[in-house]
Amino acid sequence: MLLDFSLNQTLVVALMFVWAGFVRTGLGFGGAALGLPLMLFVHNDPRLWLPIISVHLLFFSGLTLRTRLHNVDWRYLRYSSVYIIPPAIIGVFGLLNLPILWLNVFIYTITLFYGFMWLLNRTIKSGRSWVDKLLLVIGGYVAGTSLTGAPLMVAVYMRNVSKEQLRDTLFVLWFILVSIKMTTFIAFSADLHFRAALMLLPVAAVGHMLGLKAHNAIMRNDLLFKRFIGGGLVIVSGLGLWGLRQGIKETAEAVLAIIAPG
């Protein structure tokens, strides 16, 4: 059975990877941001899921880009990489070293933020160059830690890359970031769960194909789709944080005891 899960858990995981593949291709981003919080309900260690998601990202982004490299905005990609890649590398080290509780709180909090933004039809905007750079830096760190930094970086890319080149340019960016993450995993002998990634590749491919077919429809109904997804993210992230409340309470008490003993 997949990763020693039960049959029912395996079926649920398969559906989650169909969903992640659908979102990744349908929107051009967000497969990890919208899939990882759900996966943590099955197994609460993101270090199990992120290598698998990374393998899929490399495979499907490479598959999509094999005939699309001419449609990439290489100029802006080079410019923005200066602000994204260094914090992404720092974020990967955080992923490998931070406690599971901290990682899960981080992931659910970021996802809850995205959920409210989409549900309330709010967008991350900036009219200043330094704010764009800050968003790229934060997005790079979040992507390095949990692969959920895409919406922060997309907010900047949407203002600087043409709509026709946006998805292909983002796919190259994801390919670069995931390559850095996988290289770090290998260097530190982290378990890549490669066999599980290969077993889940066909079901993710189903989502990938559905996303390709639905991409234009999603773009035409972007507001409705994001509001629907935003509501789901708020519920999932709220439940996730509620489930972690005891661990959060104990950590807060321990920190207070150190800061103000007695």
Side-chain angles (χ1 to χ4, degrees), residues 20-21 23-34 50 53-54 56-92 94-95 110-111 113-114 117-118 121-184 208 211-212 214-216 218-220 222-223 225-226 229:
V23 172
R24 183 186 307 120
T25 314
L27 277 178
F29 68 94
L34 275 64
L50 288 172
I53 295 172
S54 296
H56 290 185
L57 269 168
L58 286 175
F59 179 82
F60 289 115
S61 59
L63 190 67
T64 302
L65 287 169
R66 72 189 192 282
T67 59
R68 304 288 299 173
L69 289 175
H70 66 281
N71 196 45
V72 172
D73 187 340
W74 294 104
R75 180 197 60 81
Y76 191 74
L77 185 66
R78 285 192 296 269
Y79 168 81
S80 60
S81 294
V82 174
Y83 302 98
I84 294 171
I85 292 178
I89 294 172
I90 296 172
V92 175
L95 170 63
I110 289 291
T111 307
F113 169 73
Y114 294 153
M117 292 290 288
W118 289 357
N121 190 28
R122 296 290 185 266
T123 56
I124 303 171
K125 295 179 179 178
S126 79
R128 300 177 181 272
S129 175
W130 71 267
V131 177
D132 280 352
K133 293 172 183 176
L134 180 62
L135 287 173
L136 293 175
V137 169
I138 296 173
Y141 178 80
V142 174
T145 305
S146 62
L147 282 180
T148 59
L152 295 173
M153 293 179 284
V154 169
V156 180
Y157 266 62
M158 286 180 69
R159 294 201 316 105
N160 294 281
V161 178
S162 69
K163 187 175 181 179
E164 293 75 20
Q165 292 181 302
L166 180 63
R167 187 173 66 159
D168 294 328
T169 305
L170 289 173
F171 273 148
V172 174
L173 177 61
W174 309 151
F175 192 93
I176 293 169
L177 292 176
V178 172
S179 297
I180 293 170
K181 186 181 292 288
M182 292 296 284
T183 301
T184 308
H208 179 83
L212 286 175
H215 175 69
N216 291 332
I218 290 173
M219 292 298 100
R220 287 195 300 270
D222 182 62
L223 175 59
F225 182 79
K226 284 188 174 180
I229 297 302

Do [X] and [Y] have side-chain heavy atoms sitting under 4.5 Å apart?
X: Val156; Y: Ser80; result: no
X: Val172; Y: Leu69; result: yes
X: Phe171; Y: Leu57; result: no

key: Heavy-atom closest contact (Lys181 atom, Ala143 atom, distance)   =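 Of all heavy-atom pairs spanning Lys181 and Ala143, the closest is NZ-O, 3.4 Å.
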task = Please report the shortest heavy-atom distance between Val178 and Ser54, naming the atom on each side.
result =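 That would be CG1-O, 3.3 Å.
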Return the [atom1] to [atom2] distance between [X] and [Y], rounded to the nearest 0.5 Å.
X: Ile84; Y: Met153; atom1: CD1; atom2: CE; result: 5.5 Å
X: Ser179; Y: Leu58; atom1: OG; atom2: CG; result: 5.0 Å
X: Arg159; Y: Leu135; atom1: CZ; atom2: CG; result: 9.0 Å

request  = Kindly write out the residues that satisfy salt bridge (Lys or Arg N to Asp or Glu O under 4.0 Å) with Arg75, not counting sequence neighbours, or none if the list is empty.
outcome  =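 Partners of Arg75 under the salt bridge (Lys or Arg N to Asp or Glu O under 4.0 Å) test: none.
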Those residues that, when tested against Asp73, pass salt bridge (Lys or Arg N to Asp or Glu O under 4.0 Å) (two or more places apart) =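 Testing Asp73 for salt bridge (Lys or Arg N to Asp or Glu O under 4.0 Å), a comparison that skips the adjacent residues, returns none.
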Among all residues two or more places apart in sequence or in another chain, which pass the side-chain contact (heavy atoms from CB on, under 4.5 Å) test with [X]?
X: Leu166; answer: Tyr157, Met158, Val161, Leu170
X: Thr183; answer: none
X: Tyr141; answer: Pro87, Ile90, Phe106, Thr145
X: Ile85; answer: Ser81, Ile89, Ile176, Ile180

message = Going by side-chain hydrogen bond (donor to acceptor under 3.5 Å, both in side chains), name the residues that satisfy it together with Ser162, two or more places apart in sequence or in a different chain.
response =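 Checked Ser162 against side-chain hydrogen bond (donor to acceptor under 3.5 Å, both in side chains); matches are Gln165.
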inquiry  = Suppose we screen for side-chain hydrogen bond (donor to acceptor under 3.5 Å, both in side chains). Which residues come up paired with His208, at least two apart in sequence or across chains?
reply    =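 If we apply the side-chain hydrogen bond (donor to acceptor under 3.5 Å, both in side chains) test to His208, skipping adjacent residues, the hits are Thr25.
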request  = Given side-chain contact (heavy atoms from CB on, under 4.5 Å), test Asp132 with Asn160 step by step and report yes or no.
outcome  = CA-CA 10 Å; Asp132 280 352; Asn160 294 281; 3.9 Å; yes
message = According to ring pair (Phe, Tyr, Trp, His ring centres under 6.0 Å), who are the partners of Tyr79, at least two apart in sequence or on a separate chain?
response =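 For Tyr79 the ring pair (Phe, Tyr, Trp, His ring centres under 6.0 Å) partners, ignoring immediate neighbours, are Tyr76, Tyr83.
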